[in-house]
Amino acid sequence: MIYRTILVDDEPLAIQRLRGLLQKYDTFFQVVGEASSGNAALQLIEQYKPDIVFLDIEMPEMNGFELLQKLTHIPMVVFATAYDAYAIKAFEENSVDYLLKPIEEERLAKTVEKIKNLKSTPQYSISQLNQLLTQFIPKKEIFSLTVKCGDRFMVIPLEDVSYFQADDRYVFLYTLSSQHYITDLTISMLEEKLPEYFIRISRSVIVNYKQVREIQRYFAGKLVVLMRDKTESRLQTGSHYLNNLKKRMETI
């Protein structure tokens, strides 16, 4: 059987190396496309509906897991990753295989044998893969955010941030002095980007837990969070995010 194959990696040298290694198996893999970004890969996969995708994880626009979530055609996946710290736990049971970069010829040969011995197409739990990803990829530590203010760009230290709040089409950053700025990031992007002491308490609000002054009980089992900012902001928790705050409080 010849497997229609797509290669996805944002590093040209990585694509070139993998393509060269696969030439040894030209009666097994038929490379029908290559992509260097998540969006390009999405189009190729939906167009060619390949049997196998060699998929990098960290890419511009969207990572490999975000790409899988958007697909209507789910191929077999061989993950390519430089993060050996989590690769084994994350991928052994959830993908065809994983390859640590730089990919070695001997390791690829084992992947080929594994594919040959498959009795059926693996079933993927994308949500489980995402959970594993967040556990094993270390967050890049950030200390500030840059926001636009007229013709200027302001650098706001995270220690000066009280909370973020989404309002219609915009997300606002509120400082301890109660100034506010529009950010270019969505609430979901902030939730992933910010350090752990920033907690999402509702669909539209993320608070700096270090700047929480008091937490009060509210009706229907909800809570109200009082901040240490100049205006003593009162922020209500949402039902689906209540546990985020309770875990941080440990007991309530």
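The structure displayed is predicted, hence computed values, not measured ones.
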> Counting distance only, does the side-chain N/O of R17 pair as donor-acceptor with the main-chain N or O of I103 below 3.5 Å?
Replying inline: yes

> In terms of hydrophobic clusters joined by side-chain contacts under 4.5 Å, are V207 and Y218 together?
Replying inline: no

> Sequence neighbours excluded, which residues qualify as ring-ring contact (aromatic ring centres under 6.0 Å, His included) partners of Y48?
Replying inline: none

> According to the interplanar angle, ranging from 0 to 90°, do the rings of F172 and H180 count as parallel (below 30°), tilted (30 to 60°) or perpendicular (above 60°)?
Replying inline: perpendicular

> How long is the gap from CG on L194 to CD1 on I199, to the nearest 0.5 Å?
Replying inline: 11.5 Å

>> Quick check for you: to the nearest 0.5 Å, what is the distance between I52 atom CD1 and R4 atom CZ?
In response: 12.0 Å

> Which heavy atom of G238 sits nearest a heavy atom of S202, and at what distance?
Replying inline: N-CB, 3.6 Å

>> How long is the straight-line distance from CZ of R213 back to CD of E232, given to the nearest 0.5 Å?
In response: 4.5 Å

> Is any side-chain heavy atom of L71 less than 4.5 Å from a side-chain heavy atom of L42?
Replying inline: yes

>> Pair V161, L145 - check side chain to side chain contact (heavy atoms under 4.5 Å, CB included), show working.
In response: CA-CA 10 Å; V161 175; L145 288 175; 5.7 Å; no

>> Could you tell me if the side chain of I201 sits less than 4.5 Å from the side chain of L235, heavy atoms only?
In response: yes

> What's the spacing between I57 CD1 and L67 CG if we round to 0.5 Å?
Replying inline: 12.0 Å

>> If I compare all heavy atoms of I142 with all of L158, which pair ends up nearest, and what's the gap?
In response: O-CD1, 3.4 Å

>> I need the minimum non-hydrogen distance between N208 and M227, along with the two atoms involved.
In response: O-CE, 3.6 Å

>> The test is side chain to side chain contact (heavy atoms under 4.5 Å, CB included); show your working for I15 and R19 and say whether it passes.
In response: CA-CA 6 Å; I15 287 273; R19 190 194 316 119; 3.7 Å; yes

> Could you walk me through whether T111 and L99 pass the side chain to side chain contact (heavy atoms under 4.5 Å, CB included) check?
Replying inline: CA-CA 8 Å; T111 297; L99 296 168; 3.3 Å; yes

> So do E46 and T72 actually touch side chain to side chain, heavy atoms under 4.5 Å?
Replying inline: yes

> Could you walk me through whether K222 and Q236 pass the side chain to side chain contact (heavy atoms under 4.5 Å, CB included) check?
Replying inline: CA-CA 7 Å; K222 295 181 181 180; Q236 183 179 318; 3.5 Å; yes

> Between atom CG of L223 and atom CG of L242, what is the distance when rounded to the nearest 0.5 Å?
Replying inline: 5.0 Å

> Is there a path from L176 to L226 through hydrophobic residues (I, L, V, M, F, W, Y) whose side chains come within less than 4.5 Å of each other?
Replying inline: no

> Do you reckon I206 sits in the same ILVMFWY cluster as Y241, going by side-chain contacts under 4.5 Å, direct or chained?
Replying inline: no

> Okay, side chain of Q43, backbone of A40: is any donor-acceptor separation there less than 3.5 Å?
Replying inline: no

> Where is the tightest heavy-atom contact between H73 and P50, given as atom of each residue plus distance?
Replying inline: NE2-O, 2.8 Å

> Just wondering, do T5 and Y25 contact through their side chains at under 4.5 Å, heavy atoms?
Replying inline: no

>> To the nearest 0.5 Å, what is the distance between CD on E104 and NZ on K110?
In response: 11.5 Å

> What residues form a side chain to side chain donor-acceptor pair (under 3.5 Å) with S162, not counting sequence neighbours?
Replying inline: D229

> What's the shortest heavy-atom distance between A35 and L44, and which atoms?
Replying inline: CB-CD1, 3.9 Å

> Which heavy atom of I2 sits nearest a heavy atom of Q30, and at what distance?
Replying inline: CG2-CB, 3.6 Å

>> Taking ring-ring contact (aromatic ring centres under 6.0 Å, His included) as the definition, give me every residue that meets it alongside Y163, ordered by chain and number, with sequence neighbours left out.
In response: Y174

> How about K210 and E159: do any of their side-chain heavy atoms sit closer than 4.5 Å?
Replying inline: no

> Any donor-acceptor pair under 3.5 Å linking the side chain of N243 with the backbone of K246?
Replying inline: no

> Just by distance, do the side chain of D160 and the backbone of I156 share a donor-acceptor pair under 3.5 Å?
Replying inline: no

>> I'd like to check I115 versus F29 (side-chain heavy atoms, cut-off strictly below 4.5 Å). Are they in contact?
In response: yes

> Do the non-hydrogen side-chain atoms of T175 and Y181 ever get within less than 4.5 Å of each other?
Replying inline: yes

> Can you hop from F143 to Y209 via hydrophobic side chains spaced under 4.5 Å?
Replying inline: no

>> Are V224 and F164 linked, directly or through intermediate hydrophobic residues, by side-chain heavy-atom contacts shorter than 4.5 Å (ILVMFWY only)?
In response: no

> Crowded around Q216 CD? As in, over 12 foreign heavy atoms under 6.0 Å?
Replying inline: yes

> How about L22 and L7: do any of their side-chain heavy atoms sit closer than 4.5 Å?
Replying inline: yes

> Does F198 have K193 sitting over its ring (NZ/CZ under 6.0 Å from centre, angle to axis within 45°)?
Replying inline: no

